[in-house]
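What follows is a short report on a single structure.
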There are 2 protein chains.
Amino acid sequence: MAHILALILTALVVCSPAFALWPLPKDLQTGSKALRLADDFDIQLSVQRAPADLQAAVARTKGYLKTDKLQRLVVGRGENDRTAIKSAKELSSLTVSLTSNETVRSISEEAMDALEDRVETYSLTVPGDGSDATLKANSTLGLFRGLTTFGQLWYEFDDITYTLEAPIQIKDAPAYPYRGFMLDTARNYFPISDIMRTLDAMSWVKINTFHWHIVDSQSFPLEVSGFTEISGKGAYSATDVYTSKDVEEIVSYAAARGIDVMVEVDTPGHTDAIGQSHPEHIACNQGTPWATFANEPPAGQLRFTNTATVNFTTDLIAAVAKMFPSKYFSTGGDELNEACYAADTQTQQELNATGKTLEQALSTFTVSTHQALLKLQKTPVVWEEMVLAHNVTLSNTTIVMVWISSDDVVAVAKKGYRFIHAASDYFYLDCGAGGWVGANPSGNSWCDPFKTWQFSYSFDPTGNLTTEESKLVMGGEHLLWTEQSNQHNLDPIVWPRAASGAELFWTGPGKNISTALPRLHDVAFRMEQRGIGTIPLQPLWCALRPGTCDLTA
Amino acid sequence: MAHILALILTALVVCSPAFALWPLPKDLQTGSKALRLADDFDIQLSVQRAPADLQAAVARTKGYLKTDKLQRLVVGRGENDRTAIKSAKELSSLTVSLTSNETVRSISEEAMDALEDRVETYSLTVPGDGSDATLKANSTLGLFRGLTTFGQLWYEFDDITYTLEAPIQIKDAPAYPYRGFMLDTARNYFPISDIMRTLDAMSWVKINTFHWHIVDSQSFPLEVSGFTEISGKGAYSATDVYTSKDVEEIVSYAAARGIDVMVEVDTPGHTDAIGQSHPEHIACNQGTPWATFANEPPAGQLRFTNTATVNFTTDLIAAVAKMFPSKYFSTGGDELNEACYAADTQTQQELNATGKTLEQALSTFTVSTHQALLKLQKTPVVWEEMVLAHNVTLSNTTIVMVWISSDDVVAVAKKGYRFIHAASDYFYLDCGAGGWVGANPSGNSWCDPFKTWQFSYSFDPTGNLTTEESKLVMGGEHLLWTEQSNQHNLDPIVWPRAASGAELFWTGPGKNISTALPRLHDVAFRMEQRGIGTIPLQPLWCALRPGTCDLTA
């Protein structure tokens, strides 16, 4: 019996990809030759006036090749490869070049254009005979994506860095332009080192947008020039604040890794933190019972019926927008609570005085804040309620984020807006961790159950959409709301799970979960080697025996 | 409105205990005077021939008083206490003494007797006028519990260590002798530093038993003298092993912190790792489909119908038992899979040859392994199936762990055995994290939902039991099964959540969740100051405003 099992296990190992590419490239050809990196292996950057961030990316890639030391996840961890790799051909060089050197832009510049210009294409060839490997793209961002892929081709055993699948030929491009990750830094604060580390992990799986839900009702940790009193009173402490220097550092760190930072200043709801310094702008400021006036404590929303508040918010959004080079800016717009405004005497007086309905006032407010963004050549992004629950005038360039349910996708598409998949029923990383509203013994997570990587991975971005509607899909993202998160569980909650969305929206849907799992184990282990606190998807026994722990195995 | 809210918030703050005792002492009297530690504050150990572990505990307590630097979790973090604490009386000394110096035993020795001898009682007096504080107990373990309590009395602001509730008088003793925490180190391995850190955190909330589920079917990370081939082949790697030196270190580290290490060698199921070195002892060794032969992969159970296997297991258990000084030893006994034995030719032949039923053979096997424990003066501990699902001869001193469901408690009590609450529906920390068996997109956690601290805390240890049956309750424990855990999410999954069980079984049930929450926030923040990766139970906004985020607030 043991012998038969050994045969079965061998068969399973052979069936699964022997290297850990994630996301899987669009077009991938592999052989079955062993190939090892020469001791003096080098990456030759054949780009005129190579931008500093491209040079840095090459240096990082070379570093990872030395420090990853990722052994194959099989029984014996590469012991059985010993003979093959000792006698393998050696690869001495990877040559990196642009297909045109006409206008060489930096990765950072191109990262700002990834959603429109599709500049992430690359091709990578690793011959099996030891002759030089080549990486080509028509953009430095494409080269960066290719370098990331190159860094995933290799395992280590006995100080030898090798693959068993040479020659390798890859032609790659993303299925969707937007692959994001959202972090909420308002429910609980995260030091910038945590954000930097997260950006690194994101870049390794080719996520290209950091959707930064930076402020909310609980705290306002962003220091905004001209509005410093808001973080002064609304941040959790004087140190729990992102200064303009912090933002600059994060934006440039992200950009150098092919990531655009799309900030969100959620309005008109989720703004009670502004009430700490500007109670005049906030209706039902910390009003009780909170559950009547908000979906979570504290209640408090911008008095958008008030002209001074509209101007204040518009100026605030313009000021924040100037801190972020991204061409996208989210003004939020979720969970507007009407009971709050109904109970607010000032709002009711202003509606009576102007003869406007609440909806009309909301539209005036939104047009004003969005106009400020459009003036700055930025595209407004909103949560789905702004097109499904309200009657608000929006630019037709507006991008919509579907969050409440994936069932709402069709309705958003029917409105004709471009949109991003961020549905709670597939992509909310915080679901399943229990309720947190105090004295509530039977309170579970509102969006139970936990969204497994398998479930996110099985999502169909164009399900129930017509061909025409499908063109409106920008991509998607995983999201972490942080009522019960801080720096200690950031990595374990996010990684490697959020990588499932990264592959779904890069490679496209419909991929096999069983063959993805061993690669995702590799993602987790490689990330861990690089300092991310990833968690195991299974007992190591399973990780070492691809397929064996499948429910049907 | 802001003014009224301020009043409400003040009222809430006053109602909640201003210091962070956890678990709440049995009898607690507090005043409302400010008291600060003098710069030269010292702990005077007035114990003749004070054992080294008691001296070390005093030193650790003094260290925490200096390094905790825990600010009060209120808006302003103690700013409003400034005036009161500047002019507060100073406490210069805590005198620690035994009520009898006749036979002074070490904490470590007494930790072995905590379940039988109730040696955890202490009394602590902190006068409000600056005169010396006193801690008394009739055991060094009691003194250690009191030192732990003393260390929780203080906040820090502006380099002043203070309380606002002097005088304080505490008479304390646990409601239940057993307060445990179980860690599985077989699904995934944990370095000993993680175990040490966990033991520290356990001791801070007066948990007194580390239930170490050390081996299982996935791996056997315990090096056992005379059986080194088992870990040699059954551990995940040569370094993923607990040597006898490691065990000694862990046991002595635990004991010095008032914690008994109760090891579990689960039998006859959950033993496939033994099959790597001893296939002759294992039925359906890695058999497929695994789901037919086991609740999780890999399948493989001890051939308990075989005399050689009975002897092998008995010797193994005796050898492991000798590594652990605890008077308790769990032989497991959960999830015995009958289909595995039905499909095992050897087992069937042996049953035919002996004329025994499977149940009779199981009883012979269990009597043999338990006899080995009884000979070593150890009490056997078993999972509930051994008394509810099987007809096995057991010593009436046997302790039963209820795990499948809290509904099974009554049936176990009716059998007359002492038992420990470890029910999956209240105390399993891994629930709610999604399914992990490979290609299974809609697979959720089998024991959904996530068990919140509030839910564990609301458990009634004697619910549905008669007065007589209630005497059989030894206590209870939280448990972490680690299919999806490693060192990165150990702390975030366990802390502060497992503290809810610690208070439930020390202080007794029926305590108010709303007033517990601010104290539990303090537990989380104090643990974090001491190096535990605790997670937030709520947004910091809520933690700073006790009661405000309750669902009914």
Side-chain angles (χ1 to χ4, degrees), chain A residues 1-2 5 8 187-189 218-219 236 279 285-291 297-298 432-445 448-450 452 454-455 457-458 483-486 488-489 491-492 513-514 517 533-542 547-553, chain B residues 1-2 5 8 187-189 218-219 236 279 285-286 288-291 297-298 432-445 448-452 454-455 457-458 483-486 488-489 491-492 513-514 517 533-542 547-553:
Chain A
M1 187 171 195
L5 275 163
I8 294 170
R187 269 54 177 243
N188 284 299
Y189 178 82
Q218 288 79 12
S219 78
Y236 279 139
N285 188 357
Q286 299 191 21
T288 56
W290 63 259
W436 56 269
V437 280
N440 189 23
S442 55
N444 295 322
S445 168
D448 267 338
F450 181 93
T452 64
Q454 298 96 324
F455 191 67
Y457 195 72
S458 70
E483 285 86 353
Q484 297 176 92
S485 283
N486 61 11
H488 302 303
N489 64 348
D491 291 10
I513 293 177
S514 286
L517 176 55
T534 54
I535 63 163
L537 300 168
Q538 297 187 316
L540 182 60
W541 192 91
C542 300
T548 308
C549 292
D550 283 0
L551 194 55
T552 52
Chain B
M1 187 172 195
L5 276 163
I8 294 169
R187 270 52 177 245
N188 284 299
Y189 179 82
Q218 289 78 11
S219 78
Y236 280 139
N285 189 356
Q286 299 190 19
T288 55
W290 62 260
W436 55 270
V437 281
N440 189 21
S442 55
N444 295 323
S445 168
D448 266 340
F450 181 92
K451 312 309 170 202
T452 64
Q454 297 97 322
F455 191 67
Y457 195 72
S458 69
E483 285 86 354
Q484 298 176 92
S485 282
N486 61 9
H488 301 304
N489 63 349
D491 291 11
I513 293 176
S514 285
L517 175 55
T534 54
I535 63 163
L537 300 168
Q538 298 187 316
L540 182 59
W541 192 90
C542 300
T548 309
C549 291
D550 284 359
L551 194 54
T552 51

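The analysis underlying the following values was restricted to heavy atoms, covering all of them including side chains, and did not include hydrogens, waters or symmetry mates. Order of the sequence lines fixes the chain letters, A, B, ..., with proteins taken first and strands second; residue numbering starts at 1 for each chain.
Interatomic distance, CG of B/D491 versus NE2 of A/H488, reported as 8.0 Å (0.5 Å rounding). Going from atom CD of A/Q484 over to atom CD1 of B/I535 covers 6.0 Å, rounded to the nearest 0.5 Å. Going from atom SG of B/C542 over to atom CD of A/E483 covers 8.5 Å, rounded to the nearest 0.5 Å. Here the CH2 atom belonging to B/W436 is positioned 5.5 Å from the SG atom belonging to A/C549, to the nearest 0.5 angstrom.
The candidate with the highest count of non-hydrogen atom pairs below 4.5 Å against chain A, out of B/S219, B/P539, B/G438, is B/P539. Considering only heavy-atom pairs separated by less than 4.5 Å from chain A, the leading option among B/S514, B/P536, B/P449, B/P297 is B/P536. Looking only at heavy-atom pairs under 4.5 Å with chain B, the residue among A/L517, A/N440, A/D448 that has the most is A/N440. Most heavy-atom pairs under 4.5 Å with chain A: of the set B/A433, B/S445, B/P289, this distinction falls to B/A433. Chain A forms more heavy-atom pairs under 4.5 Å with one residue of B/P441, B/S458, B/G434 than with any other, namely B/P441. Heavy-atom pairs under 4.5 Å with chain A peak, among B/A291, B/P298, B/S485, at B/P298.
When all heavy atoms of A/I513 and B/A439 are compared, the closest pair comes out as CG2-CA, 3.6 Å.
Side chain of B/W541 to main chain of A/Y236: no donor-acceptor pair is present (N/O by atom type, distance under 3.5 Å, no hydrogens or angles). With hydrogens and angles disregarded, a donor-acceptor distance shorter than 3.5 Å links the side chain of A/N188 to the backbone of B/L540. A/Q538 places no side-chain N or O within 3.5 Å of a backbone atom of B/V437 that could act as its donor or acceptor partner.
Within the 4.5 angstrom heavy-atom criterion, atoms from both the backbone and the side chain of A/N486 approach chain B. Heavy atoms of A/P279 lying under 4.5 Å from chain B are absent altogether.
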Can you check side chain to side chain contact (heavy atoms under 4.5 Å, CB included) on B/W290 and A/D550, steps first, answer last? CA-CA 9 Å; B/W290 62 260; A/D550 283 0; 5.8 Å; no
